[in-house]
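Accompanying notes for the structure given below.
Chain letters run A, B, ... following the sequence lines, proteins first, then strands; residues in each count from 1. Note that this is a predicted model, so its numbers are computed, not measured.
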Number of protein chains: 2
Amino acid sequence: MAVNIQFSIAVHILAVLACGCDQGGVTSGHLAESVNTSPSFVRRILAKLSRAGLAETATGKAGACWLAKEARDISLLDIYRAVGAPRAISIHCYDKQKSCLVSCHIKAALEKALDKTQKAMEKSLAETSLAQIVSVLKKR
Amino acid sequence: MAVNIQFSIAVHILAVLACGCDQGGVTSGHLAESVNTSPSFVRRILAKLSRAGLAETATGKAGACWLAKEARDISLLDIYRAVGAPRAISIHCYDKQKSCLVSCHIKAALEKALDKTQKAMEKSLAETSLAQIVSVLKKR
DNA sequence: CTAACTGTTACTATAATAATTACAATATTG
DNA sequence: CAATATTGTAATTATTATAGTAACAGTTAG
């Protein structure tokens with residue numbers, strides 16, 4: 001699993017915060033247990049969420065973290081952007097072969113089409129909120 | 001670039017075949033030159049395209065390859081499926097922490113939402129044909 | 001002052017995937 | 001038939017994105 005899973009883990013983290021599973025302050029250690037990874041990795045993702053205004057954190061001895069806004073006001077797209085996840089489909093970046101028309105222009109042409117696809121994907125992500133995810137998983 | 005770029009290269013390959021840049025038979029060697037990679041890698045992708053019914057190949061001394069159907073009848077989705085490209089967004093697969101509700105059910109909940117997103121992306125890919133890509137790049 | 005956090009950086013390990021090599025199978029051509 | 005050039009495929013190696021780990025400065029509560 002060397003594939004980028006930060007988005008997925010970010011959703012997991014925010015879902016825990018949204019559930020308020022722990023009554024006291026939630027720390028990176030708690031989150032790491034729930035996710036089953038290291039506190040350090042959690043903190044790195046958490047810092048991105050914080051910078052993006054999705055979560056807030058407190059440093060110091062009673063350090064903790066919580067949602068910066070209502071779960072219904074956080075979309076999957078917000079989270080996707082916050083972690084800087086890679087594009088859905090990537091284009092090869094080998095050198096162009098100057099004598100070949102296709103080689104010279106395929107990337108620009110493909111990029112144009114894939115931009116549309118990326119937008120379609122992002123639109124779909126925008127349509128689901130963290131609150132919806134949480135409500136689904138609470139029913140189980 | 002350890003990211004999966006087979007889709008992108010498959011489009012490149014098929015675009016060359018669609019253009020009929022070379023008058024004679026196009027070989028994996030020609031394609032490799034245009035893409036700037038090894039003939040072997042091209043052949044591996046080409047074999048997938050052939051199995052998917054998008055390209056046809058001839059073995060033997062006069063070996064070559066060509067489109068199995070009209071460029072306008074090949075969609076980017078066909079190509080995406082042919083190469084078996086990974087999903088747009090992947091979910092982490094760490095062990096569940098049994099004592100945590102979120103940990104146990106987040107993946108199923110997220111998967112449901114991401115299925116929608118994957119479908120949106122595939123729908124968009126289905127809307128662009130190889131012929132469109134080729135017509136765009138010929139204008140440059 | 002001490003303890004327990006976060007934020008961040010630097011480094012290592014892992015794994016997905018590209019690149020390379022090799023070779024059997026196949027078809028053309030002389 | 002022999003020589004040759006190709007595809008198809010498997011095995012191996014190299015690369016690189018990214019996860020994992022460790023360390024530490026900065027911060028705050030007690």
Side chain to side chain donor-acceptor pair (under 3.5 Å) partners of residues 78-89 of chain B, not counting sequence neighbours, each pair once
B:Ser75-B:Asp78, B:Tyr80-B:Gln118, B:Arg81-B:Glu122, B:Arg87-B:Asp115
Going by side chain to side chain donor-acceptor pair (under 3.5 Å), name the pairs with one or both residues in residues 36-46 of chain B, residues two or more places apart or in two chains.
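Only B:Ser28-B:Arg43 qualify under side chain to side chain donor-acceptor pair (under 3.5 Å).
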Whole-Å gap separating [atom2] ([N]) and [atom1] ([X]):
X: B:Asn4; N: D:dT16; atom1: CG; atom2: C1'; answer: 14 Å
X: A:Ile9; N: D:dT18; atom1: CD1; atom2: P; answer: 13 Å
X: B:Gln6; N: C:dA16; atom1: CD; atom2: P; answer: 14 Å
X: A:Phe41; N: C:dC11; atom1: CZ; atom2: C1'; answer: 16 Å
X: A:Asp95; N: C:dA19; atom1: CG; atom2: P; answer: 12 Å
X: B:Ile89; N: D:dT18; atom1: CD1; atom2: P; answer: 14 Å
X: B:Trp66; N: D:dT6; atom1: CH2; atom2: C1'; answer: 12 Å
X: B:Ile5; N: D:dT15; atom1: CD1; atom2: C1'; answer: 12 Å

Expected output is a numbered-order residue list: members of residues 76-88 of chain B with a heavy atom under 4.0 Å from any atom of DNA chain D. What is it?
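Hits under 4.0 Å, by residue number: none.
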Would you indicate, yes or no, if D:dA19 has its OP1 or OP2 atom less than 4.0 angstrom from a side-chain nitrogen or oxygen of A:Thr37?
no
dist A:Leu49:CG -> A:Thr57:OG1 (nearest 0.5 Å) comes out at 10.5 Å
From A:Leu31 CG over to A:Ile9 CD1, what is the distance, rounded to the nearest 0.5 angstrom?
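Interatomic distance, A:Leu31 CG to A:Ile9 CD1, rounded to 0.5 Å: 11.0 Å.
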Residues which pass side-chain hydrogen bond (donor to acceptor under 3.5 Å, both in side chains) with B:Lys107, listed by chain and number, not counting sequence neighbours
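side-chain hydrogen bond (donor to acceptor under 3.5 Å, both in side chains) check on B:Lys107 returns nothing, list empty.
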According to side-chain hydrogen bond (donor to acceptor under 3.5 Å, both in side chains), who are the partners of A:Lys123, at least two apart in sequence or on a separate chain?
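A:Glu127.
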Are A:Val136 and A:Val16 connected in the hydrophobic side-chain network, where two residues link if heavy atoms are under 4.5 Å apart?
no
Determine yes or no for a side-chain-to-main-chain donor-acceptor pair under 3.5 angstrom, with A:Ser8 supplying the side chain and B:Ile91 the backbone.
no
If we ignore hydrogens and angles and just use 3.5 Å, is the side chain of A:Gln132 paired with the main-chain N or O of A:Ser129 as donor and acceptor?
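Side chain of A:Gln132 to backbone of A:Ser129, a donor-acceptor pair under 3.5 Å: yes, one is there.
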Taking protein heavy atoms under 4.0 Å as touching, what does nucleotides 3-9 of chain C look like 5' to 3' if B marks base contact, S marks sugar-phosphate-only contact and - marks none?
BBBBBBB
